[in-house]
Amino acid sequence: MLKIEHCPLSRMPQQQRLSLLSVAVVHMGMLTALDQFMLGAVLGSSMTLTDAFVVILIGSLIFGIVTFGLGFAGMREGLSGSLLARWCGFGRIGSVLIGLVIAVSLLGWFGIQNAIFAKSLNFASGNKLGFGLSAAISGTLLTTLVAFGFRALRFTARIAVPMFILLVAYISTIVLSGDSGQRWYKLLKLPHSDETLSISAGITIVVGGAIVASLMTPDLTRYTKSGKHVFGITLLTIIAGEFVINGLAILITKALNTADVVTIMSQAAGGAGLFVVVCSTLRVNDLNLYSSSLGIINAVEGITGKKLRYPPTTIIIGILGTLFSILGILDRFVDFLTVLGVVFPPILGVMLVDYYILRSYRKVLDESKQRGNLPNETPTIGWAAIIASIVGSVIGLTIEWGVPAINSLLMASIVYWLIKCTFKRLP
């Protein structure tokens with residue numbers, strides 16, 4: 001049984017490593033969820049069918065390279081992502097700041113998923129509640145459940161993923177079956193219904209939709225036994241999340257001529273579709289709110305030494321996420337993914353350059369691995385890594401030429417390498 005909280009501050013012992021399938025199922029769960037279906041719906045409504053699948057292919061390639069690279073490091077060292085960051089350029093405080101960035105991004109995801117829950121609730125009421133009130137109700141409900149550990153959420157989490165996958169399979173069969181030859185020809189020729197999304201922008205939002213999973217991959221691959229397992233896990237996740245869930249969402253969106261997930265589910269599956277959407281948002285937002293709360297608690301403790309209490313922190317974060325929903329974060333879904341697609345790649349680029357090219361702490365990591373513990377030498381803060389990550393993010397957000405996700409990744413990697421080579425004493 002894989003539990004991410006095992007050995008959070010130590011190396012994963014070799015005897016506790018698990019099979020390929022055990023880890024792959026959990027990792028695939030990150031990208032076989034409602035948010036990936038939403039991403040596919042955006043691509044389907046904003047691009048031609050050919051362009052949408054080109055975007056998925058290139059975005060998946062970027063995701064696959066950085067995910068495998070970081071996942072292999074996590075497997076080799078037996079360390080979680082936050083621990084690995086300490087000896088991959090960022091230091092102890094720098095790794096805490098990464099946790100804070102992840103926590104803030106999960107807060108944004110909470111707002112988006114709560115907005116979907118609210119739209120479903122409002123739709124079920126016949127638009128009597130209104131979106132604002134529905135968002136307030138759904139956000140308050142979920143925040144209360146997570147803050148006080150309601151056990152029903154565990155049951156919901158267990159059934160949500162298989163129910164969602166079955167629903168997508170059912171809708172795909174209903175919508176895409178029939179006169180296959182003529183239907184596929186029509187889908188291929190259909191223009192997009194919303195504002196046009198460029199290839200470069202599409203690649204960036206595909207990366208943005210999956211990049212947090214890349215950074216969290218060492219948390220899971222530290223359980224794996226070999227590099228082949230890491231590669232298999234990465235490949236299976238790309239196939240399941242990017243090509244199956246995203247791909248079907250693109251086709252369904254074009255066939256039904258709408259990118260609204262609630263409309264798609266209710267139009268194709270009625271009340272059962274809405275029920276699965278609600279269960280999926282509960283499952284995803286349970287994790288978003290829980291992980292965001294822990295991330296902020298750990299960040300505050302790491303920087304100030306003060307430990308916040310879990311229930312009040314969760315309630316405050318839940319209120320903020322609910323407020324984001326009411327203010328319309330769902331309408332800024334593409335912008336949100338774009339920001340993720342340029343802020344997180346620089347962090348990954350810095351860690352990969354440090355671990356595989358500069359090898360700043362590989363010696364102390366190898367020595368401590370033989371002892372079965374963590375290195376005695378822990379850098380406090382990696383200024384070069386932080387500076388390079390900021391530069392890469394700014395470049396990705398401001399430079400219009402090329403693909404923003406690739407620009408931010410390459411620029412941060414190059415800047416970090418130059419700083420470390422030029423100022424060898426800089427941490």
Side-chain angles (χ1 to χ4, degrees), residues 2-28 30 61-92 94-95 98-99 102 210-238 344-379 382 384-385 389 409 412-413 416-417 420:
L2 191 157
K3 293 185 178 180
I4 296 177
E5 64 268 21
H6 281 175
C7 306
L9 298 176
S10 61
R11 291 183 183 274
M12 180 60 60
Q14 193 66 35
Q15 61 269 25
Q16 292 188 26
R17 304 294 177 101
L18 302 174
S19 66
L20 167 64
L21 186 60
S22 298
V23 183
V25 168
V26 179
H27 196 267
M28 284 189 292
M30 293 183 179
L61 183 62
I62 298 170
F63 168 77
I65 291 172
V66 297
T67 300
F68 174 76
L70 206 61
F72 184 85
M75 179 278 302
R76 186 178 184 276
E77 302 297 340
L79 297 176
S80 65
S82 58
L83 278 181
L84 193 62
R86 295 183 183 184
W87 295 281
C88 286
F90 286 92
R92 180 178 59 82
S95 67
I98 293 175
I102 293 175
I211 201 67
V212 178
S214 296
L215 201 54
M216 295 173 67
T217 293
D219 297 353
L220 302 180
T221 56
R222 63 196 176 112
Y223 285 91
T224 55
K225 300 176 181 179
S226 68
K228 292 181 180 179
H229 284 193
V230 178
F231 179 80
I233 289 165
T234 304
L235 183 61
L236 287 173
T237 297
I238 289 174
F344 281 97
I347 296 173
L348 293 162
V350 166
M351 292 178 65
L352 293 173
V353 167
D354 192 274
Y355 188 81
Y356 290 105
I357 298 177
L358 298 177
R359 304 165 67 92
S360 303
Y361 290 91
R362 283 289 287 272
K363 183 178 180 180
V364 295
L365 283 170
D366 289 342
E367 291 173 351
S368 65
K369 184 167 64 173
Q370 293 179 356
R371 300 192 303 266
N373 56 18
L374 296 179
N376 297 323
E377 180 185 354
T378 304
S389 297
L409 174 69
S413 302
Y416 180 68
W417 180 78
K420 294 292 287 186

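We number each residue from 1, following the sequence as shown.
Note that CG of Leu18 and CZ of Arg222 are 10.5 Å apart. Values are rounded to the nearest 0.5 Å. We find the CZ-SG distance between Arg359 and Cys88 to be 11.5 Å, quoted to the nearest 0.5 Å. With rounding to the nearest 0.5 Å, the separation of CZ in Phe344 from CD1 in Ile98 is 9.0 Å. Distance check: Phe68 CZ to Thr221 OG1 gives 10.0 Å after rounding to the nearest 0.5 Å. Once rounded to the nearest 0.5 Å, the distance linking CZ of Phe90 with OG of Ser82 reads 12.5 Å. To the nearest 0.5 Å, atoms CE (Met28) and CG (Leu235) are separated by 10.5 Å.
Partners of Thr67 under the side chain to side chain donor-acceptor pair (under 3.5 Å) rule, at least two apart in sequence or in another chain, are Ser214. Shown here are the side chain to side chain donor-acceptor pair (under 3.5 Å) partners of Thr224, two or more places apart in sequence or in another chain: there are none. Considering only residues two or more places apart in sequence or on other chains, Asn376 meets the side chain to side chain donor-acceptor pair (under 3.5 Å) condition with none of them. Listed by chain and number, the residues in a side chain to side chain donor-acceptor pair (under 3.5 Å) with Ser368 are Arg11 (sequence neighbours excluded).
Gly81 and Pro218 make their closest contact through N-CB, 3.6 Å (heavy atoms, listed as atom of the first residue, atom of the second, distance). Considering all non-hydrogen atoms of both residues, Ser19 and Ser22 come closest at OG-OG, 2.9 Å. For Trp87 against Tyr361, the heavy-atom pair with the smallest separation is O-CB, 3.8 Å. Across every non-hydrogen atom of Leu20 and Ile233, the tightest pair is CD1-CG1, 3.5 Å. Nearest heavy-atom pair, Val230 versus Phe72, reported as atom, atom and distance to 0.1 Å: CG1-N, 3.7 Å.
For the pair Glu77 and Tyr355, the minimum side-chain heavy-atom distance is below 4.5 Å. Side-chain atoms of Val66 and Pro345, non-hydrogen and from C-beta on, never get closer than 4.5 Å to each other. With a 4.5 Å cut-off on side-chain heavy atoms, Leu79 and Leu374 count as touching.
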Report all side-chain donor-acceptor pairs from residues 346-354 shorter than 3.5 Å, counting only partners two or more places apart or in another chain.
from: Asp354; atom 1: OD2; to: Ser360; atom 2: OG; distance (Å): 2.9
from: Asp354; atom 1: OD2; to: Tyr416; atom 2: OH; distance (Å): 2.4

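We find that Asp366 and Arg76 are joined by a salt bridge, their nearest charged nitrogen and carboxylate oxygen being less than 4.0 Å apart.
For residues 226-238, the pairs satisfying side-chain hydrogen bond (donor to acceptor under 3.5 Å, both in side chains) are His27-Thr237, with sequence neighbours left out.
Without hydrogens or angle criteria, Asp219 side chain to Ser80 main chain gives no donor-acceptor distance under 3.5 Å.
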Check against side-chain contact (heavy atoms from CB on, under 4.5 Å), Leu21 and Val25: CA-CA 6 Å; Leu21 186 60; Val25 168; 4.0 Å; yes

